[in-house]
Amino acid sequence: MSIYDTLNEQQREAVFCTEGPLLLLAGAGSGKTRVLTHRIAYLIEQGVNPYHIMAITFTNKAAREMRERVDALVGSGAEHIWVSTFHSTCVRILRRHIDKLGYDNSFTIYDSDDQKSLIRGICKQFRVDTKSLPERAVMNAISSAKDEFMTPGEYETRYNFDFKKKKIAEIYKEYQKQLKANNALDFDDLLFKTVELFQFHPEVLDYYQERFRYIMVDEYQDTNTIQFQLISMLARKYQNLCVVGDDDQSIYKFRGANIKNILNFEGVFQDAEVIKLEQNYRSTKNILNAANEVIKNNKGRKEKALWTENDDGDSIVFHQYGTEYEEAGQIVEEIGRLAKDGVNYKNIAILYRTNAQSRIFEEKFMIKNIPYRIVGGMNFYQRKEVKDVICYLKAVDNGLDDLAVKRIINVPRRGIGATTIDKVQTYAIEQNIGFLDACFEARQIESLANAKRKIEKFSELIADFREQAQKGSLEDLFHYILKQTGYVTGLEAEGTEEALVRIENINELLNKIVAYEEAAEDPTLSGLLEEIALVADIDSLEDSDNRVVLMTLHSAKGLEFPYVFMSGMEDGIFPSYMTIISEDQEELEEERRLCYVGITRAKERLYLSAAKRRMMQGRTQFNKVSRFIDEIPQELLKLDYGVNLNDKRPDHDIFSSNRRTQFRKPFQKHQFAEPKAESLSYGAGDRVSHIKFGQGTVMEIVSGGRDYEVTVDFDKHGVKKMFASFAKLKKTEQN
DNA sequence: AACCATGTACTTTTT
DNA sequence: GTACATGGTT
């Protein structure tokens, strides 16, 4: 009896095939993680030093789970296996060697928001007409170029006949220049620079080739060109590369995923073994058949037939509702019923095409008091207050990070405005130094008048934080920064509910910092910031958390749930409008693969739903039922168009939509709506005088949140609205 | 410099 | 419908 007895024939074959390149075509739910973990166990059993084994996953969550499962299987030694994501892997390598490429090893990682601000700045600087060339397009173009391992120079040569692309090449060049000046790398750079490092420094490549003699890559269908480049470089020497993927689940083409990586694997790695895992252990026959029938409509795919020994199971339920409010309401009702029947909330997932669709569900869950968790959308670390505090930490960690410094220089308010910042920046450029260093030299900047002292005070503050960073723990530093800047005090003074939520978020950030400090072997500020930069929302999804999970179909990849609701099954939503109007047939096929991914997440029961009428971007849209629904054979579906088809009572929906605002600010209290100043010395109908507009008659006084809004009809300037505390109106004698 | 009011663009999906 | 950018006002 061995641990391998529980595997089926193909799985066992894959586990025992340890030498040479191996392509594992693993259908949804075919137990690929089991194969990978058992394969690692087998390698170790065969005498391979765990130190020589590397497994690359797509998310941190997948990496963590794999490590746990390997730990359970092999016991000691497993901690030496390198299990991580592409991005973390690259960071680890670059932290040791990037100085060879002229960067400082303590580089900062820029997220997409940082990326955007940097590009925005460059577009302004170059006077780019962002109407014809939006920043977003520039960003995507640069990102794609990096995915294809194309330098700015190469980009320029390649596209020099195209006016727009030439412009993009210029921006790309400047963008890289500024990143380097800020000692920062964006997400794409992490891979790009690692490949570059291996290219220009064969001795470094050789070191890692020796180290990673056995490489495994999960979710291989979603790798892009540069990721492929990276792993093929590493595997070149020993050729022990095992990739696991499913071409039917390739859903990241928009992000550069290159399906050729999987389709041409055998061409690139000669003598590659190919093993197919086609038995599904996850879903019922009905669910699996539906998935097969849908994906069958795609042309560009490797033929395969997923099968299962599981029961037929329940029929798939399909409802078309009148509106999205009904849809969400009924789904939440059904979830309530399931819970009553003893189903755990965490066994239920709601999937949708776009993050924006989550909002209505959130309302309904709040009303029904059902615990839920929304994955994705606005990331915790993207919130303003969290980002502000992080930028203080960044400024302490990497003084060259101009973006971080500029973000916080006037947060909280220090009276440092755009003009002052420009002056400092000009000086920095003249002296060829970083922005913060320019602040330290404020004394030499002649153009600064009154602002000089403010800048000096700010740079002293940062210097003080640096000193503190040397002395104490990260937690101490965090408290010290909050205390010295008065950030939380300021929020407390605001007293609004929103401010209280922000304070909570800052406390949450503190919890994360403390947790990091406890968990990390050698906690450092750089390490903390790195971890923050590389976490995805999905990574924090804990199995112990008993809540209904809501997320996009993309985020759901790799997960499974007994009960799955796929909502918004409408042409124009899913498949999305963009892919319907696109001439490129491939795009619709990608949507279909996404649908396949969604269906195959379900283990026991699948609910599909659509709305006839849906509000999108403030407009009502009438959508047809998704073409993907038509591709599912009728006999698998329990059709139920009936219920609300003739419902002519939209009032209910409008009612709940109006109540929305209340639920978004659930703790709205009135105690803070303190009517401002004493009463005013004038009233409606009185004659008043204004310093600029002269004489006028008061038309109306409205008592706003913290001030009176006064409408005055001025004799010479007409009707104006103004706030009493600013306007300084004086009552004058009546005519 | 800071604040508010108004206008505009956005939505595909994310490590 | 919202988040952000802009312009006007003190």
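Values below: every heavy atom of this structure, side chains too, minus hydrogens, waters and symmetry copies. Naming convention: chains lettered A, B, ... in sequence-line order (proteins, then strands); numbering from 1 in each chain.
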Item to check | Nucleotide C:dG1, atom C1' - distance to CZ of A:Arg614 in whole Å | outcome: 15 Å
Next on the checklist: Output the rounded distance in Å from CG (A:Asp113) to C1' (C:dA3).
Outcome noted: 13 Å
Next on the checklist: Measure CG/A:Asn410 against C1'/B:dA1 and give the value in whole Å, please.
Outcome noted: 8 Å
Item to check | A:Asp246 bridged to A:Arg593 by N-O distance under 4.0 Å | outcome: no
Checklist entry - Which atoms form the tightest heavy-atom contact between A:Ile409 and A:Arg414, and what is the distance? => result O-NH1, 2.9 Å
Checklist entry - Does the ring centre of A:His554 sit less than 6.0 Å away from the ring centre of A:Phe254? => result yes
Item to check | Row check, A:Phe107 ring normal vs A:Arg95 NZ/CZ: under 6.0 Å, within 45° | outcome: yes
Checklist entry - Any donor-acceptor pair under 3.5 Å linking the side chain of A:Ser582 with the backbone of A:Met578? => result no
Next on the checklist: Measuring to OP1 and OP2 of B:dA1, would you say a side-chain N or O of A:Arg413 lies under 4.0 angstrom away?
Outcome noted: no
Next on the checklist: Angle between ring planes, A:Phe58 versus A:Tyr252, binned at 30° and 60°: parallel, tilted or perpendicular?
Outcome noted: tilted
Item to check | Heavy-atom protein contacts under 4.0 Å, nucleotides 9-15 of chain B, coded B base, S sugar-phosphate only, - none | outcome: S-BBBBB
